Amino acid sequence: MESKMRYNKVLDNLKIYEAGKPIELVVREYGVDEKDIIKLASNENPRGCSKLVQDAICKDVSKMNLYPDDSMYELKESIARRFDVGSKNVIIGAGSDQVISFGVHAKANKNNSVLMAKTTFAMYEIYARQTGTTILKTPSHQHNLGEFLDIYQKNSDISIIFLCLPNNPLGECLEKEKVYNFLDKIGSDTLVIVDGAYQEYAKYKDKKKEIEPKNIIEKYPNVLYLGTFSKAYGLGGMRCGYGIAQADMIKSLMKLRAPFNITTLSLKAAIVALNDEEFVQDCVKENFEQMLIYEKFAEELGFDFIDSYTNFITLEFKNGKNSGEISEKLLKKGIIVRNLGAYGMNAIRVTIGTPEQNVRFMREFKKIYLNDMEG
Ligand SMILES: *Cc1c(COP(=O)(O)O)cnc(C)c1O
């Protein structure tokens with residue numbers, strides 16, 4: 001029998017989020033041996049996670065029957081200590097993704113609009129569309145605060161502004177002072193979501209780009225700062241992220257949170273991960289050493305890249321090159337990257353891998369790129 005179900009109209013304009021292709025799919029569809037596949041598509045930490053976290057999880061593995069501490073007291077305390085804020089300023093989500101959805105559902109609706117950069121984290125738009133709100137984007141792919149301000153001043157109904165600092169999928173990052181000057185001009189009823197998913201990388205490369213949640217709490221009651229354990233901490237599979245804001249905002253967002261929204265083991269992993277800062281610093285340091293090799297590689301072969309403050313690099317092509325074809329050919333070699341064709345860019349985003357993975361990427365990429373030139 002045919003389905004007669006009519007879904008809410010907002011679903012008509014929704015796309016299903018297309019995640020980086022999983023390894024299993026490349027094995028199935030391209031017949032590549034699993035051990036030959038390298039995934040440089042989802043900005044995961046190529047070195048895994050801290051050994052301390054692995055040990056703690058093994059030790060606690062029999063506690064799966066227990067619901068987690070729903071107050072998340074210990075994790076909130078640890079995050080609060082790390083950023084020198086209060087635990088009442090912290091909310092935990094199943095990935096910072098979930099905290100984005102809390103923010104969006106708290107403010108956006110069909111009578112207002114939201115503003116974001118033309119090419120930024122896809123989930124902002126997906127969550128926003130669930131509410132029926134109007135999506136506004138800046139003309140430039142990368143963040144341009146002049147454009148943001150211009151659109152903000154011309155549209156009195158903007159309920160949320162998204163700033164991705166640094167920006168995924170392009171890697172650029174605004175300076176802190178410029179961001180604060182911008183925030184000074186935004187009215188108190190507009191929620192500004194400052195997404196710091198890659199802040200561990202940005203602040204290592206350039207202190208001037210470090211957004212400090214403490215400053216935000218002190219000065220901006222309308223700003224929600226986001227952080228995650230999925231990138232530098234290497235815990236993407238554990239689904240744990242956080243939001244930091246003034247206590248009043250956190251209280252409102254808490255109304256949207258389901259109980260036990262992260263698992264007992266995720267909670268444990270995040271708490272222990274915060275105790276191994278050395279692991280994170282090692283990973284971030286190696287990331288930028290490897291990034292330099294990618295930059296030299298791009299210069300050698302003569303294509304552009306965007307100066308990146310993250311754990312990925314965006315490579316841009318011209319003269320007859322096509323990012324879709326390049327990605328597809330890489331895939332056949334078992335190398336998964338992210339094609340940015342859907343954003344109207346002729347570019348791919350490559351997560352910085354381990355030194356061995358990067359060597360292999362460059363070897364295969366070079367063959368494909370140079371062959372294309374001739375053909
Ligand atoms: C990866 C990422 C997130 C969130 O990831 P979670 O795994 O849900 O914590 C948020 N914002 C940006 C820009 C990201 O790249």
Side-chain angles (χ1 to χ4, degrees), residues 17-20 22 39-46 48-49 53 72 75 79 90-105 114 116-128 137 141-143 160-174 179 192-203 209 211 213 223-244 253 256-258 261-263 265-267 269-270 273-274 280 283-284 287 306 308-314 337-338 340 343 349-352:
Y17 179 77
E18 200 187 313
K39 187 178 174 206
L40 303 175
S42 298
N43 306 337
E44 292 144 325
N45 187 331
C49 71
V53 172
M72 303 186 192
L75 178 56
I79 292 170
V90 180
I91 185 168
I92 308 296
S96 58
D97 235 289
Q98 193 175 47
V99 188
I100 297 170
S101 86
F102 297 156
V104 169
H105 285 278
V114 302
M116 63 190 74
K118 181 170 177 182
T119 297
T120 190
F121 192 48
M123 291 314 297
Y124 305 155
E125 181 168 349
I126 292 177
Y127 287 128
K137 293 184 182 177
H141 286 289
Q142 298 185 26
H143 284 63
I160 307 177
I161 297 173
F162 294 93
L163 296 178
C164 194
L165 308 170
N167 187 23
N168 177 15
L170 301 182
E172 92 278 7
C173 192
L174 298 170
V179 174
V192 182
I193 296 184
V194 171
D195 188 342
Y198 302 93
Q199 273 285 320
E200 288 84 3
Y201 298 94
K203 72 181 181 197
K209 315 244 167 172
I211 304 286
V223 176
L224 171 62
Y225 176 90
L226 302 178
T228 180
F229 290 94
S230 298
K231 307 288 159 59
Y233 289 92
L235 293 174
M238 295 307 272
R239 313 304 305 124
C240 188
Y242 52 90
I244 300 178
L253 298 182
L256 293 163
R257 187 190 69 96
N261 61 322
I262 72 167
T263 72
L265 294 183
S266 313
L267 203 50
L274 282 170
V280 173
C283 293
V284 172
N287 174 74
I306 299 173
S308 171
Y309 292 83
T310 65
N311 64 348
F312 57 83
I313 187 163
T314 297
V337 300
R338 192 87 173 168
L340 301 185
Y343 293 94
R349 187 194 69 189
V350 185
T351 304
I352 308 297

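In what follows, residues are counted from 1 in the order of the sequence shown. Just so you know, ligand 1 is whichever comes first in the structure, and atom 1 is the first atom listed for that ligand. Values reported hereafter were calculated over all heavy atoms of this structure, with side chains retained and with hydrogens, waters and symmetry mates removed. Remember, it's a predicted structure, so these values are computed and weren't measured experimentally.
The two atoms that bring Leu75 and Ala270 nearest to each other are CD1-CB, 3.7 Å, heavy atoms only. When all heavy atoms of Leu163 and Val179 are compared, the closest pair comes out as CD1-CG1, 4.2 Å.
Using a cutoff of 4.0 Å between basic side-chain nitrogens and carboxylate oxygens, Lys231 and Glu200 are not scored as salt-bridged. Between Glu125 and Lys137 there is a salt bridge, since a side-chain N of the basic residue sits under 4.0 Å from a carboxylate O of the acidic one.
Phe162 and Tyr124 have their aromatic ring centers within a separation under 6.0 angstrom.
Under the side chain to side chain contact (heavy atoms under 4.5 Å, CB included) criterion, Arg349 pairs with Asn43, Asn168, Pro169, Phe312, Thr314, Arg338, Leu340, sequence neighbours left out.
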Enumerate the pairs of nitrogen or oxygen atoms, one from ligand 1 and one from the protein, separated by less than 3.5 angstrom; state names and distance to 0.1 Å.
unit_1, atom_1, unit_2, atom_2, d
ligand 1, 7 (O), Ser230, OG, 2.5
ligand 1, 7 (O), Arg239, NH1, 2.6
ligand 1, 7 (O), Arg239, NH2, 3.4
ligand 1, 8 (O), Ser96, N, 3.3
ligand 1, 8 (O), Asp97, N, 3.1
ligand 1, 8 (O), Asp97, OD2, 3.3
ligand 1, 8 (O), Arg239, NH2, 2.8
ligand 1, 9 (O), Ser96, N, 2.7
ligand 1, 9 (O), Ser96, OG, 3.3
ligand 1, 9 (O), Thr228, OG1, 2.5
ligand 1, 9 (O), Ser230, OG, 3.3
ligand 1, 11 (N), Asp195, OD1, 3.4
ligand 1, 11 (N), Asp195, OD2, 2.6
ligand 1, 15 (O), Asn168, ND2, 2.8
ligand 1, 15 (O), Tyr198, OH, 2.7
ligand 1, 15 (O), Lys231, NZ, 2.9

